[in-house]
Amino acid sequence: MVIRVTAESRCRTSYSRVNCRYLSVGWRRIAGVRIAVVPEGDGAGRARVLDGPTEAVGDLAAWMGEQQRRHDVRWVLPSTEELYPTLLRAGVRLDRCHDLALAEGILLAFEERPHRPRNLGAAWARTRGLPEPADPRPQTRGEQPTLFEADRGTTPVGADPLDAAVAVLADQERRIAATAQPDRLRLLVAAESAGALAAAEMSHHGLPWRTDVHLAMLEDLLGQRTAPGVRPAKLADLADRISAAFAGRPVNPDHPPSIVRAFAREGVEIPSARAWVIKELDHPAVAPLLEYKELSRLYVAHGWSWLDSWVDGGRFRPEYVVGGVVSGRWATRGGAALQLPRTLRTAVRSDPGWVLVCADASQLEPRVLGALSGDRRFAEVSESADLYTSLAADAFDGDRGRAKIAMLSAMYGGTSGEAGPLLAVLRKRFPQAVEYVEQAARAGEEGRVVRSRLGRTSPPPSEAWRELTSDYDGEQAEKRGRQAAREWGRFTRNFVVQASAADWALTMLATLRRNLAVSAPEAQIVFFQHDEVIVHCPEAAAEAVSADVSKAAEQSSTLVFGATPVRFPLEATTVTSYADAK
DNA sequence: TGCCCTGGCGCC
DNA sequence: AAAGGGCGCCAGGGCA
């Protein structure tokens, strides 16, 4: 079953007649019933079947689990992120929900007022013209309550939170219905809400992480663990060699200006201490410096203290922030889960008897551009498993490298060197695809917002930007203004592609989650990063999981882009170590 | 001492 | 090989 964006309308009559008593004693499964829930502290809470009476529940988790078993529920939650971890610890899994705060965030962005608070209290206050309470500070690790917290500053002032939840839901549905393409926004809200469920489940299950493998790697590359603030042996040695290469004058390789000054003393002027700048120099310090940078990165970002903080019981448990990026990509709070270095993937191993099904959408963004723009010739190119190779064959004399530069320049707004002429070739061959992103760039330069396929909306530029780009006073101001305009144009150019790719990936994730619940209930989605997903499952379930992955990709393509000829391959490989994927 | 900025670099 | 877009995180250092 895919996400049913129209389920509400069809089910409305069937549940308007039921009430909580019916739910409690019910013997018949009710399809699509919506139940709003607010936690009230000490594990208790109140619930209301929409249009029905309110029920006070002593053990909210147990009650929700019971309803979830009996009926097909869409839970209406003020904040999945706050409620669901507690439910998961109590062993309760929710099928689907409508997250009021996430929906509010999407709608506020759509309505071009992205900086207003999105919590339930604020959303309710706006419906009454009352002052809006600010969003609460996100909870950090270690502060997690063992039971539900009733009030984290988002309770509507002067209203029953359950009344507020129901009122805000109605308000959101009205606002969605008033848009030009309500089905798209409904899908986006459903996918975002499902994403919130998946994110909490991922943190709950954790990514399988072999501490012993990680430790062995650290010791091999860096030496024995040292006290905080003391460089491990290999780094200390490299630092000495760097200073020696600069005539013995001490250089702090952790301090870029110190490196720049050291080279300057030897008559080598460099604009920065970036690795790719240093790589070009001919100097005895170059080799140890580059090695130091690489190892130091591992030590600082994913060394022993990272292991202490983030890996527990053989699981890496990051906290995902759903909708944390304006484009709809996820962010993380701590743990740097979305920046796992490739070299560390070898520490990600399945449990005995289990496997990792790793799925990666290949060249998602150019394919998304093909589907967005409806460029038929471009769609033909995307028939191939390797889009860049067929693009090269079609328009770049078989030169895959140049084809890729041209494509990336179109999507990111590249201006350097080769980009111009290559983009011209692309434009001539695929006018619709290139025009799509150039239109988005022009919108940004003129201060207008752009939207993803499903309606995720770019933030309007700041007041400062508007001042900078209007009423030029002098040559300098004009130059700065034009530069600011071009920069914002690059942002909106990229936004339409990146955000639509996020639409696709989120819908795929939501669909996969539903598929797995049916065909491989033991399987756990344990990682999701922009365009890839990892499922941890018993070996016997691997085939079913792989099939679900492919199916999810197809379903997502149809849900998001309709009948597009563009293919979105999501290649799944079954491995026991993440390092062996692909 | 804590806050904020910068440079640098990991991922997509 | 880097460059264009998006992030998070860390160390260093300036400043209150």
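Numbered from 1 within each chain, the chains take letters A, B, ... in sequence-line order.
- The phosphate of dC9(B) (OP1 or OP2) has a side-chain N or O of K293(A) nearer than 4.0 angstrom.
- Taking the six-membered ring where tryptophan is involved, the planes of F495(A) and F491(A) are perpendicular, since the angle between them exceeds 60° and thus also 30°.
- Nearest nucleotide to the W276(A) side chain, out of dA11(C), dA2(C), dC12(B): dA2(C).
- Looking at heavy-atom distances under 4.0 Å, A273(A) makes contact with sugar-phosphate atoms alone, never a base.
- Mapping G324(A) and K279(A) onto DNA chain C by nearest heavy atom places K279(A) at the nucleotide closer to the 5' end.
- For E104(A) and R116(A), the salt-bridge test fails: no basic side-chain N is under 4.0 Å from an acidic carboxylate O.
- As a whole-Å value, the separation of R261(A) CZ from dG7(B) P is 14 Å.
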Hey, mind stepping through E438(A) and R427(A) against salt bridge (charged side-chain N to carboxylate O under 4.0 Å, His left out) and telling me if it holds? CA-CA 10 Å; E438(A) 303 210 319; R427(A) 186 183 294 114; 3.1 Å; yes
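- In this structure, of dG8(B), dA3(C), dG5(C), it is dG5(C) that holds the atom nearest to the side chain of N494(A).
- Dashed line: the shortest gap from a side-chain N or O of H255(A) to OP1 or OP2 of dG13(C) is under 4.0 Å.
- Contact check, S327(A) against dC7(C): no side-chain N or O comes under 4.0 Å of OP1 or OP2.
- Within the nucleic acid shown, A275(A) comes within 4.0 Å of sugar-phosphate atoms alone, with no base atom in reach, counting heavy atoms only.
- Among the heavy atoms of the strands lying under 4.0 Å from I405(A) is at least one base atom, whether or not backbone atoms are also near.
- Between R490(A) and the phosphate of dG5(C), there is a side-chain N or O to OP1/OP2 separation shorter than 4.0 Å.
- Under the Watson-Crick or G-U wobble criterion, with both distances below 3.5 Å, dC5(B) is paired with dG12(C).
- Between E319(A) atom CD and dG8(C) atom P there is a gap of 13 Å when expressed in whole angstrom units.
- A donor-acceptor contact under 3.5 Å is formed by the side chain of Q339(A) with the base of dG8(C).
- The 5' end of DNA chain C is approached more closely, in terms of each residue's nearest nucleotide, by L408(A) than by the other of A331(A) and L408(A).
- With dG7(B), dC11(B), dG5(C) as the choices, the nucleotide that has an atom nearest any side-chain atom of Y412(A) turns out to be dG5(C).
- Distances from the side chain of R274(A) to the nucleotides dG6(C), dC9(B), dA11(C) place dC9(B) closest.
- Classification of R261(A) and E266(A) as a salt-bridged pair fails, no side-chain N sitting under 4.0 Å from a carboxylate O.
- In this entry dG4(C) has no Watson-Crick or G-U wobble partner, no candidate having both defining distances under 3.5 Å.
- Judged by atom type and distance alone, R342(A) does not reach the base of dC11(B) through any side-chain donor-acceptor pair under 3.5 Å.
- When heavy atoms are screened at a 4.0 angstrom cut-off, R345(A) is found touching the sugar-phosphate backbone but no base atom.
- Residue S272(A) is classed as a sugar-phosphate contact, given heavy-atom separations below 4.0 Å to backbone atoms only.
- Side chain of E532(A), nearest nucleotide from dC9(B), dC12(B), dG5(C): dC12(B).
- The side-chain heavy atoms of L372(A) and V437(A), taken from C-beta on, include no pair separated by under 4.5 Å.
- Aromatic ring pairs are classed by plane angle as parallel below 30°, tilted from 30° to 60° and perpendicular above 60°; the pair F316(A) and W306(A) is tilted.
- Its glycosidic angle being more than 90° from 0, dG6(C) falls on the anti side.
- Distance from the side chain of P341(A) is smallest for dC11(B) among the nucleotides dC12(B), dC11(B), dC9(B).
- Between the side chain of R297(A) and the base of dC9(B) there is at least one donor-acceptor pair of N/O atoms closer than 3.5 Å.
- Using a 4.0 Å heavy-atom cutoff across all strands shown, Q529(A) reaches sugar-phosphate atoms only and no base atom.
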